[in-house]
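Have a look at the structure below, then the notes.
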Amino acid sequence: MKDTVTVFWFRRDLRLDDNIGFYNALKSENKVLPIFIFDKEILSKLPKDDARVTFIYDTLQEMRSELQDKYGSSIAMFHGNPESVFSELIKNYTIDAVFTNRDYEPYATKRDESIQQLLSENDIEFKTFKDQVIFEKDEVVKKDGAPYKVYTPYMKLWKEQFKKEELKIYYTYDVLDNLIQNSRLPNLSLSDIGFTKSNQEITPYTVTPTLIKEYEDTRNYPAQDATSRLGPHLRFGTVSVRKMVKKAIAESNEVFWQELIWREFFMQILWHFPHTKDEAFKSKYDRIEWRNNEKEFKAWCKGETGYPLVDAGMRQLNETGFMHNRIRMLVGSFLCKHLLIDWRWGEAYFAEKLHDYEMASNVGNWQWVAGSGVDASPYFRIFNPTTQIKKFDKDLKYIKKWVKDYEKSSYSKEIVDHKSARERCLTVYKAAVS
Ligand code: FAD
């Protein structure tokens, strides 16, 4: 006789506490079998020592240990294609339902449709929950149901709607006794999935009252390193967005709160317009004649453009998997505008390197810097990589930290002249979009 279970499928929600789908699974009738699938399709595109894979792996091991030590349970780990994993599970258990939290990226949406199909063919319910955002899909839209393409009115309505609802925290720990009692569920090692331990670490997040209170004053200065580092934690769900919004409100910091709303703004854009992951939101921007010079792209990637603030940012990214937001805007603008290299090249490089890489935010922000996106800066706004130093790194602290050969004879010469690159950009963009 096979056990009847409810499966809970962890994905971008790697935490036991305040996890809505997990909570609901645990409150359901049958014992819960928690699972995680290392999807071969996703892994095949990543470097073998990817820091994010190490982070996911280590987080799952910690969660497994906690469930084993305190609750006599665990998380079953699989490596493969999700459909094949579910086919196997269906053979081994009588599954009443599969619960999971929704993921809105185009690949995930398709994957979930095929899993739903497979489950329904086997009379198994597939129940999905909103967990990684406060508002999803078309919950914050204009009166006529059309999505917002401009941030400010979206943000205002988001806040208005938020104030009307009670923000509930789901105390998953209260219901963990409904897990299946088997602490020897299948495990994997990093090498089983074809990976090695990364020597880069995902930085823990900081949301102290002081950081949140001083956020506006410090967030623009990369040398101060005074932002929350929440990115990867929101991406992989090691923190609950509801708790973070609560903190922002408790410290009455609208600016910090609004950053969290930017995240949801871009998520709803990608959900409404999934083609914008590789096409310009404003289609005439796809007429731009990019130069796409590979040698210059390599110099940009390595942080050898001869523009120290750009180079500091790229070196910080290469060494640590993080780059300060101010500098992301500068290096992005420099790539698209000074070098006339397609924003998609930069987006792909960031996707490989950023620990906080998240498709909606990365695409949304890259299209913003390129001028092709929603609510984007006008194309003729071109950051001056030298005057930006005076504004944001006047003591050269950030530059000196990351560009060790700054002011040495070995340091690269400027790969383009600012003034002529600016003029060239204006000519090329104007030809495409006007
Ligand atoms: P904080 O300043 O402490 O902000 C808190 C949280 O608010 C962030 O973790 C993030 O979830 C959200 N947030 C802040 N700014 C933005 C923004 N502009 N857009 C969307 N969400 C925001 N952010 C990502 O999470 N993933 C990406 O792949 C990504 N790619 C980017 C690419 C470019 C070219 C640019 C200009 C920005 C990108 N950002 C991305 C946005 C922003 O730079 C990062 O969210 C931020 O620097 C992460 O550091 P933090 O967690 O310390 O942020």
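When a ligand or atom number is given, it counts from 1 through the structure's own listing order.
- In K48, the NZ atom is crowded: over 12 heavy atoms of neighbouring residues, nucleotides or ligands sit closer than 6.0 Å.
- The closest side-chain heavy-atom distance from M77 to D192 is not below 4.5 Å.
- Closer than 4.0 angstrom to ligand 1 sit non-hydrogen atoms from Y215, T227, S228, R229, L230, G231, L234, F256, E259, L260, W262, R263, F266, F322, N325, R328, M329, F350, L354, D356, Y357, E358, S361, N362, N365, W366.
- Taking a 6.0 Å sphere around NZ of K142, one finds it holds more than 12 heavy atoms contributed by other residues, nucleotides or ligands.
- Salt-bridge formation is not detected for the pair D39/R11: no Lys NZ or Arg NE/NH1/NH2 atom is positioned less than 4.0 Å from an Asp or Glu carboxylate oxygen.
- Using a 4.5 Å heavy-atom cutoff, the side chains of E358 and E105 are in contact.
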For this session: With ring pair (Phe, Tyr, Trp, His ring centres under 6.0 Å) as the test, would you mind laying out the steps for W300 and F334 before giving the verdict?
Result: CA-CA 9 Å; W300 177 84; F334 188 84; 8.6 Å; no
